[in-house]
Amino acid sequence: MAPTAADYAWFDERFPDLAEAYCFTLVRGLTPAQVLARLGARTGGPQVKGVEALSRLSYDTYPERAGNELVVGVTPVGGWALAVEPNGYIGVSEEAAVPLSAGSRLVSHSTNVNAVGNFFWVEDGDVRLTFEPLFPSSRWGGTPDALLGEMREAGFDLQDGDDANLDCGAAAFALAERLTGVRITPEILTDSTFLCGLAPVP
């Protein structure tokens with residue numbers, strides 16, 4: 001069965017702190033070290049197990065970063081690199097996503113404490129689709145209508161009615177899986193070891 005928002009209903013319940021503000025980025029065929037290098041991240045810090053430890057690292061290093069850098073943790077998942085940013089947004093910034101996608105496919109999505117976020121699909125530097133998950137009827141990119149069926153099936157209401165896309169975070173996970181074939185599971189988020197770096201804010 002193709003993934004839908006219902007397949008990611010667990011995320012808010014299992015990881016409530018991370019669910020408030022995050023960015024998830026998947027890049028095909030790159031290693032974690034290559035992802036951090038392309039982001040210009042300062043490395044040499046700790047590797048951490050699980051996103052709770054990654055979130056603590058983000059909190060603990062905030063005074064050092066002073067808003068100029070964001071913590072990025074990257075782990076390999078099935079031929080892809082998964083980058084997780086607690087309270088971050090580098091993966092959905094065009095300035096970072098386009099060069100990060102060179103020679104590859106990149107799919108990223110984010111949200112913040114105000115439920116404002118972005119979704120990006122980039123092929124080798126070409127932004128194919130980007131939109132705000134709360135307002136999926138407004139889309140940009142080279143092929144903004146290429147995934148309309150997939151978006152509806154994933155759980156997006158393209159009519160943007162009142163409260164139409166309250167589950168937009170889960171729908172974004174489902175759409176990302178449809179584009180990558182990578183299913184994010186609770187076990188990936190709790191058991192994976194993340195290579196960490198401090199990446200400059202674009």
Side-chain angles (χ1 to χ4, degrees), residues 1-5 7-8 11 18 22-41 43 47 50-51 54 70-86 88-111 117-131 133 136 139-151 153-156 169-189 191-197 199-200 202:
M1 294 289 291
T4 69
D7 294 308
Y8 288 93
F11 180 66
L18 181 62
Y22 61 83
C23 181
F24 278 66
T25 304
L26 284 157
V27 192
R28 185 174 56 200
L30 296 186
T31 67
Q34 287 172 324
V35 169
L36 292 174
R38 288 191 181 190
L39 292 176
T43 56
Q47 296 189 43
V51 294
L54 184 63
L70 292 171
V71 170
V72 182
V74 193
T75 192
V77 181
W80 294 71
L82 168 65
V84 178
E85 302 171 57
Y89 53 87
I90 291 175
V92 293
S93 65
E94 189 167 348
E95 297 89 343
V98 167
L100 182 55
S101 73
S104 182
R105 168 177 286 193
L106 177 147
V107 178
S108 58
H109 57 99
S110 70
T111 192
N118 281 292
F119 188 101
F120 263 79
W121 165 32
V122 191
E123 296 279 350
D124 190 18
D126 179 20
V127 179
R128 298 289 181 86
L129 171 66
T130 180
F131 64 94
R139 299 172 301 278
W140 300 268
T143 56
D145 296 334
L147 299 178
L148 293 182
E150 298 280 357
M151 290 176 68
E153 292 173 7
F156 288 107
F173 275 106
L175 184 60
E177 182 181 343
R178 287 168 177 253
L179 284 165
T180 63
V182 176
R183 172 158 293 196
I184 304 301
T185 65
E187 292 74 24
I188 287 174
L189 299 185
D191 298 341
S192 295
T193 297
F194 291 85
L195 180 65
C196 301

**OP:** Hey, could you give me the CD/OG1 distance between Glu177 and Thr4, rounded to the nearest 0.5 Å?
**Re:** 9.5 Å
Original post:
Looking only at heavy atoms, what is the nearest atom pair of Leu189 and Phe24, with distance?
Top reply: CD2-CE2, 3.8 Å
**OP:** Can you sort out the partners of Asp126 under side-chain hydrogen bond (donor to acceptor under 3.5 Å, both in side chains), two or more places apart, ordered by chain and number?
**Re:** Arg128
Original post:
About how many Å separate CG of Leu70 and CD1 of Ile90, when rounded to the nearest 0.5 Å?
Top reply: 4.5 Å
Subject >> side chain to side chain contact (heavy atoms under 4.5 Å, CB included) against Arg38, all qualifying residues, sequence neighbours excluded >> reply: Leu30, Leu100, Ala102
Subject >> Residues which pass side-chain hydrogen bond (donor to acceptor under 3.5 Å, both in side chains) with Glu153, listed by chain and number, not counting sequence neighbours >> reply: Arg178
**OP:** Please report the shortest heavy-atom distance between Asn118 and Thr130, naming the atom on each side.
**Re:** OD1-OG1, 4.4 Å
Subject >> Closest approach of Val51 to Phe194 (non-hydrogen atoms, all atoms of both residues) >> reply: CG1-CZ, 3.9 Å
Original post:
Is Ser104 reaching over with its side chain to a backbone N or O of Ser101, donor-acceptor style, under 3.5 angstrom?
Top reply: no
**OP:** List for me each residue that meets side chain to side chain contact (heavy atoms under 4.5 Å, CB included) alongside Pro86, sequence neighbours excluded, and say none if there are none.
**Re:** Leu18, Leu54, Ser55, Ser58
Original post:
Once you round to the nearest 0.5 Å, how far does CH2 of Trp121 lie from CG of Leu175?
Top reply: 9.0 Å
**OP:** Answer yes or no: is there a side-chain heavy-atom contact under 4.5 Å between Arg105 and Leu179?
**Re:** yes
**OP:** For side chain to side chain contact (heavy atoms under 4.5 Å, CB included), just list the numbers for Leu36 and Val72, CA-CA rounded to whole Å, side-chain angles, deciding distance to a tenth of an Å, and then say yes or no.
**Re:** CA-CA 8 Å; Leu36 292 174; Val72 182; 4.1 Å; yes
Original post:
Looking at Thr143 and Leu129, what are the two nearest heavy atoms and their distance?
Top reply: O-CB, 4.5 Å
Original post:
Does the side chain of Ile184 reach to within under 4.5 Å of the side chain of Phe11, using non-hydrogen atoms?
Top reply: no
Original post:
Can you list the residues that meet the side-chain hydrogen bond (donor to acceptor under 3.5 Å, both in side chains) rule with Tyr22, with sequence neighbours excluded?
Top reply: none
Subject >> Counterpart residues, salt bridge (Lys or Arg N to Asp or Glu O under 4.0 Å), relative to Arg139 (two or more places apart) >> reply: Asp145
**OP:** Identify, with sequence neighbours excluded, every residue that meets side chain to side chain contact (heavy atoms under 4.5 Å, CB included) alongside Ser108.
**Re:** Thr25, Val92, Leu106, Phe120
Original post:
So do Val107 and Val27 actually touch side chain to side chain, heavy atoms under 4.5 Å?
Top reply: no
Original post:
Do you know which two heavy atoms are closest between Gly40 and Pro200, and how far apart they sit?
Top reply: O-CD, 3.3 Å
**OP:** Just jot down the ring pair (Phe, Tyr, Trp, His ring centres under 6.0 Å) partners of Phe119, sequence neighbours excluded, or say none.
**Re:** Phe131
Original post:
Taking all non-hydrogen atoms of both residues, which atom of Pro32 and which atom of Pro76 are closest, and how far apart?
Top reply: CG-CD, 3.7 Å
Subject >> Side-chain (Glu85) to main-chain (Gly73) donor-acceptor, under 3.5 angstrom >> reply: no
Original post:
In chain order, what residues pass the side chain to side chain contact (heavy atoms under 4.5 Å, CB included) check against Ala174, with sequence neighbours excluded?
Top reply: Pro3, Tyr8, Ala154
Original post:
Nearest 0.5 Å, what's the CZ-OG1 distance between Arg28 and Thr180?
Top reply: 10.0 Å
Subject >> Test: Asp7 and Arg183 ion pair at under 4.0 Å >> reply: yes
Original post:
In chain order, what residues pass the side-chain hydrogen bond (donor to acceptor under 3.5 Å, both in side chains) check against Glu94, with sequence neighbours excluded?
Top reply: none
Original post:
About how many Å separate CG of Leu195 and CD of Gln34, when rounded to the nearest 0.5 Å?
Top reply: 11.5 Å
Original post:
Considering residues at least two apart in sequence or located in another chain, which fulfil the ring pair (Phe, Tyr, Trp, His ring centres under 6.0 Å) criterion with Tyr89?
Top reply: none
**OP:** Hey, could you give me the CH2/OG1 distance between Trp80 and Thr31, rounded to the nearest 0.5 Å?
**Re:** 15.0 Å
